[in-house]
Number of protein chains: 2
Amino acid sequence: MLSKKTKYGLKALTFIARSESDMPVQVSLIAKSEQIPPKFLEGILLTLRKSGILGSKKGKHGGYYLRHKPSEIKMTDVMRVLEGPIAMVPCVSLNYYEKCDDCPDENLCSVHKLMVQVRDNTLKVFRNTTLADLSNTNV
Amino acid sequence: MLSKKTKYGLKALTFIARSESDMPVQVSLIAKSEQIPPKFLEGILLTLRKSGILGSKKGKHGGYYLRHKPSEIKMTDVMRVLEGPIAMVPCVSLNYYEKCDDCPDENLCSVHKLMVQVRDNTLKVFRNTTLADLSNTNV
DNA sequence: TGTATTCCCTACTAAATCGATAGGGTTAAT
DNA sequence: ATTAACCCTATCGATTTAGTAGGGAATACA
């Protein structure tokens with residue numbers, strides 16, 4: 001299941017990408033527009049900022065803004081920040097690899113074989129999709 | 001993340017498919033061979049039996065057996081029984097569809113668009129894979 | 001300089017899920 | 001009758017998830 005965190009995060013990023021002006025967008029506005037609990041969203045955007053996807057400005061007229069053009073923000077990066085590993089099992093993860101306790105030989109493991117395929121296909125989607133695709137922005 | 005339940009279930013099915021004889025295979029044997037907690041595995045095989053994928057025989061020399069040839073057991077079915085919906089969000093699920101509370105229009109939802117693609121690709125893998133592929137059985 | 005606004009950060013909590021165990025009931029072979 | 005096996009329900013501890021609380025720090029602007 002996709003976590004609410006990821007879902008809200010994607011919606012927020014889309015919202016920011018669609019906002020016309022160059023002004024930073026406030027948490028409160030996004031929360032209201034997208035029906036997201038404000039305090040919860042605050043934490044999510046904080047995570048996205050720490051990962052370098054968003055920038056922020058404090059104080060009056062502050063808010064969050066994209067650090068790159070929507071077309072340069074890949075879903076692989078966003079998903080890894082929000083949802084964690086893309087693979088369904090650690091022994092198949094590119095970025096968070098971990099050996100299984102059971103399983104003497106990965107190459108003989110039926111689960112491994114199947115999950116590699118799922119990972120590759122999911123990765124293909126995330127690699128070919130940017131925030132511009134999500135937000136219908138052409139930039 | 002793939003649940004242990006699914007992982008164990010897939011390993012158990014593979015084990016049964018690979019077992020040469022036509023005799024039912026006992027939980028205890030699978031548990032020992034695949035390093036799975038026996039009681040936990042018991043519940044999993046029960047689920048697979050209730051769903052019609054496995055059959056069982058009680059009493060001495062009892063155990064579990066496949067109800068169909070490995071090449072006829074599709075991963076779509078197995079995964080739905082063990083892991084639940086294949087889609088990452090209910091609003092994208094074919095078999096367990098549910099509308100989102102937020103989200104006035106699905107067709108405009110950026111998350112929806114992305115998750116449809118992931119679902120389609122995952123589904124493609126599961127539809128094209130059978131237990132025969134997992135177990136290297138040619139039947 | 002003061003004040004409102006906005007992000008920043010930590011801690012906490014309720015509920016759900018997961019992984020696993022316990023313990024007995026039922027059926028079938030010998 | 002005994003034993004081997006599945007059948008079924010309940011329970012439990014740990015972890016994760018979704019969300020809340022509350023105060024701190026920076027900035028705009030009067």
Side-chain angles (χ1 to χ4, degrees), chain A residues 1-12 16 19 23-32 34-67 81-85 88-90 96 100-102 111, chain B residues 1-12 16 19 21 23-32 34-67 82-85 88-90 100-102:
Chain A
M1 272 283 290
L2 196 75
S3 65
K4 294 269 182 181
K5 182 181 174 185
T6 303
K7 188 183 179 191
Y8 293 160
L10 288 172
K11 285 197 168 195
I16 297 173
S19 90
M23 296 289 289
V25 184
Q26 288 118 38
V27 174
S28 57
L29 174 61
I30 305 174
K32 205 171 178 185
E34 298 291 336
Q35 315 231 54
I36 304 171
K39 274 299 212 176
F40 192 21
L41 181 58
E42 207 178 313
I44 297 169
L45 297 191
L46 221 39
T47 308
L48 287 167
R49 196 220 58 192
K50 283 180 184 161
S51 78
I53 294 172
L54 289 178
S56 67
K57 192 171 170 247
K58 285 186 192 172
K60 209 168 194 173
H61 303 150
Y64 289 94
Y65 53 91
L66 302 175
R67 292 276 295 270
V81 167
L82 293 173
E83 192 74 5
M88 292 184 82
V89 266
Y96 305 84
C100 296
D101 293 339
D102 46 337
V111 178
Chain B
M1 273 284 289
L2 197 74
S3 65
K4 294 269 181 180
K5 182 179 174 187
T6 302
K7 189 184 178 191
Y8 293 159
L10 288 172
K11 285 197 168 195
I16 297 173
S19 92
S21 85
M23 296 288 290
V25 184
Q26 287 117 38
V27 175
S28 57
L29 175 61
I30 305 174
K32 206 171 177 184
E34 299 290 336
Q35 316 231 53
I36 304 171
K39 275 299 210 176
F40 191 20
L41 181 58
E42 208 178 312
I44 297 169
L45 298 191
L46 221 40
T47 308
L48 286 166
R49 196 218 58 192
K50 283 181 184 161
S51 78
I53 292 172
L54 289 177
S56 68
K57 193 172 168 244
K58 286 187 192 171
K60 211 167 195 175
H61 304 150
Y64 289 94
Y65 53 89
L66 301 176
R67 290 276 295 270
L82 293 173
E83 191 75 5
M88 292 184 82
V89 265
C100 295
D101 293 341
D102 45 336

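Values below: all heavy atoms of this structure, side chains included; hydrogens, waters and symmetry mates excluded.
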Nearest-angstrom distance from the residue atom CD of A:E83 to C1' of D:dT16: 12 Å
For the side chain of A:Q26 and the backbone of A:G62, is there at least one donor-acceptor N/O pair under 3.5 Å apart? yes
Calculate the interatomic distance between B:L54 atom CG and D:dA5 atom P; express it in whole Å. 17 Å
Under the criterion side chain to side chain contact (heavy atoms under 4.5 Å, CB included), I'd like the reasoning laid out for B:I30 against B:V27: C-alpha separation, chi angles, the key distance, then a yes or no. CA-CA 5 Å; B:I30 305 174; B:V27 175; 5.8 Å; no
Side-chain N,O (A:Y8) to OP1/OP2 (D:dG19) below 4.0 Å: yes
Write down the distance between NZ (A:K4) and P (D:dT17), rounded to a whole number of angstrom. 14 Å
With the threshold set at under 4.0 Å for non-hydrogen atoms, list the residues of residues 34-52 of chain B touching DNA chain C in residue-number order. B:P37, B:K39, B:F40
Euclidean distance, atom CE of residue A:M1 to atom P of C:dT17 [Å, nearest integer]: 9 Å
Would you kindly give the CD1-to-C1' distance between A:I16 and C:dC7, to the nearest whole Å? 13 Å
If you compare every side-chain N and O of B:S56 against the phosphate oxygens of D:dA5 (OP1, OP2), does one of them come in below 4.0 Å? no
Between the protein and nucleotides 27-30 of chain D, are there any N/O to N/O pairs under 3.5 Å, and if so, what are the atom names and distances?
from	atom 1	to	atom 2	distance (Å)
D:dA28	OP1	A:K57	NZ	3.2
D:dC29	OP1	A:H61	ND1	3.3

Spacing of A:D101 atom CG relative to C:dA20 atom P, expressed in whole Å: 10 Å
Measuring to OP1 and OP2 of C:dC8, would you say a side-chain N or O of A:Y64 lies under 4.0 angstrom away? yes
For side chain to side chain contact (heavy atoms under 4.5 Å, CB included), just list the numbers for A:E83 and A:L2, CA-CA rounded to whole Å, side-chain angles, deciding distance to a tenth of an Å, and then say yes or no. CA-CA 8 Å; A:E83 192 74 5; A:L2 196 75; 4.2 Å; yes
Could you give me the CA-CA distance, side-chain angles and deciding distance for A:V111 and B:Y8, then say whether side chain to side chain contact (heavy atoms under 4.5 Å, CB included) is met? CA-CA 9 Å; A:V111 178; B:Y8 293 159; over 6 Å; no
Without decimals, in angstroms, what is the distance between A:L29 CG and C:dC7 P? 10 Å
Measuring to OP1 and OP2 of C:dT6, would you say a side-chain N or O of A:S28 lies under 4.0 angstrom away? no
